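In what follows, a single structure is set out as structure tokens and then discussed.
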There are 2 protein chains.
Amino acid sequence: MNENDKPDSAACSAHHMAIRDTMDILAGKWKIPIIGTLSFGKKRFMVLIASIKGIAAKMLSKELQELELNGLVRRTVLDTKPVTVEYELTEYGHSLRPIINEMASWGKQHRERIMK
Amino acid sequence: MNENDKPDSAACSAHHMAIRDTMDILAGKWKIPIIGTLSFGKKRFMVLIASIKGIAAKMLSKELQELELNGLVRRTVLDTKPVTVEYELTEYGHSLRPIINEMASWGKQHRERIMK
DNA sequence: CGGCATCCAATTCGATACTG
DNA sequence: CAGTATCGAATTGGATGCCG
């Protein structure tokens, strides 16, 4: 075979792009903690701030918006005074479960591996 | 129960840390393309540069070093003149397969979903 | 309460030039 | 061939203050 023009190079790029899509959606310092926290159920903005140790309002807001844009999180504004906003994982958000579990178990093994 | 001291908060953090470990190892613009390319077999530095569209030598070098530090890639210097260096995935590198496949299939679905 | 605007520090990435 | 060194642009994340 010649050089860099393998028959599967196009399919391969698509593969990489798909993986990159997933990584991008989960990228950002707080995405995983947010998803993890919401996986236990619906939570208000302030509760998320309190639950996710170290996060600033700006970052929580920003990453929630990105998750909402990607259809992983649903935002509901309640008509109270002052306003209350609730966030929850959508069905689609929950569909990340397998991949998140996979990453968790690999990461856990990895940590054990580098400890010894 | 008190306030922020839920019984599962520690376990939950550990979970997030494990996921974060995995994400960190795979983080960086070129890690996935590099791993993907090496998954077909051993390759020289220049071949990687040519195979991975758009990567600069500096970034390839840097991300290969990170992958090597994490035990995912093995670097072999051949005693030729001038030097030849080969890179390949270790067993451990190949162990990422399931998680990479999982991400690829989720990302693929996601792309189809947002297209329609 | 739930944000947005602004400013600032740190990090990431790319282009270019140089070395053993 | 296989890198390293240096610089600068762009992006990311944090702190603070203001607003409906």
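Note that this is a predicted model, so its numbers are computed, not measured. A note on names: the letters A, B, ... follow the listed sequences, proteins ahead of strands, and every chain is numbered from 1.
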(message) With heavy-atom distances below 4.5 Å as the criterion, would you say the side chains of B:Arg111 and A:Asp21 are in contact?
(response) yes

(request) Side-chain contact test, heavy atoms from C-beta onward, threshold under 4.5 Å: evaluate it for A:Leu67 versus A:Ile34 and give yes or no. (result) yes

(message) Using a 4.0 Å heavy-atom cut-off, does B:Lys81 contact any base of the nucleic acid, only the sugar-phosphate backbone, or nothing at all?
(response) nothing

(message) What is the distance, to the nearest angstrom, from the CH2 atom on A:Trp30 to the C1' atom on D:dT12?
(response) 13 Å

(request) Send over the distance from A:Ile52 CD1 to D:dG13 C1', rounded to a whole Å. (result) 15 Å

(request) Check the distance between D:dT4's C1' and B:Leu60's CG and give it to me in whole angstrom. (result) 13 Å

(request) Could you tell me whether the phosphate oxygens of D:dT4, OP1 or OP2, come under 4.0 Å of any side-chain nitrogen or oxygen in B:Gln65? (result) yes

(request) For B:Phe45 and D:dT4, give me the distance from atom CZ to atom C1', rounded to whole Å. (result) 10 Å

(message) I want to confirm an ordering. Mapping A:Glu86 and B:Ile55 to their closest nucleotides on DNA chain C, which one lands closer to the 5' end?
(response) A:Glu86

(message) What I'd like to find out is whether the side chain of A:His15 reaches to under 4.5 Å of the side chain of B:Asn101, using heavy atoms alone.
(response) yes

(request) Measure the CH2-CZ distance between B:Trp30 and A:Arg20 for me, rounded to the nearest 0.5 Å. (result) 9.5 Å

(request) Please work out which residues in residues 67-79 of chain A have a non-hydrogen atom less than 4.0 Å from an atom of DNA chain D and list them by number. (result) none

(request) Please state whether the phosphate of D:dT4, meaning OP1 or OP2, lies under 4.0 angstrom from any side-chain nitrogen or oxygen of B:Lys58. (result) no

(message) Under a 4.0 Å threshold between the charged nitrogen and the carboxylate oxygen, would B:Lys31 count as salt-bridged to B:Glu66?
(response) yes

(request) Give a yes or no answer on whether the side chain of B:Thr84 reaches the backbone of B:Leu78 with a donor-acceptor pair at less than 3.5 Å. (result) no

(request) Could you check how far NZ of B:Lys62 sits from P of D:dT6, rounded to whole Å? (result) 17 Å

(request) Decide whether a cation-pi geometry holds between B:Arg74 and B:Tyr87; the criteria are a distance under 6.0 Å from NZ or CZ to the six-membered ring centre and an angle within 45° of the ring axis. (result) no

(message) Does any part of the side chain of B:Ile35, heavy atoms only, come nearer than 4.5 Å to the side chain of B:Leu26, both counted from C-beta?
(response) yes

(message) Counting C-beta onward and ignoring hydrogens, is there a side-chain heavy-atom pair between B:Arg75 and B:Val77 closer than 4.5 Å?
(response) yes

(message) Between A:Glu112 and A:Lys108, does any NZ, NE, NH1 or NH2 come within less than 4.0 Å of an OD or OE carboxylate oxygen?
(response) yes

(request) Identify, between A:Val83 and A:Glu63, the residue whose nearest nucleotide on DNA chain D lies closer to the 5' end. (result) A:Glu63

(request) Rounded to the nearest angstrom, tell me the gap between atom CG in A:Asp24 and atom P in D:dT12. (result) 10 Å

(request) Side-chain contact test, heavy atoms from C-beta onward, threshold under 4.5 Å: evaluate it for B:Arg97 versus B:Ser39 and give yes or no. (result) yes

(request) Would you please confirm or rule out a distance under 4.0 Å between OP1 or OP2 of D:dC1 and any side-chain N or O of B:Tyr87? (result) no

(request) Provide the start and end nucleotides, 5' to 3', of the part of DNA chain C that has atoms under 4.0 Å from heavy atoms of chain B. (result) C:dC13 to C:dA15

(message) Whole angstroms only, please: what is the NZ-P distance between A:Lys53 and D:dG14?
(response) 15 Å

(message) Taking the axis from the first five pairs and the axis from the last five, what angle separates them in the helix from C:dC1-D:dG20 to C:dG20-D:dC1, rounded to 10 degrees?
(response) 40°

(request) Working to the nearest 0.5 Å, report the span between OG of A:Ser61 and CG of A:Leu48. (result) 11.5 Å

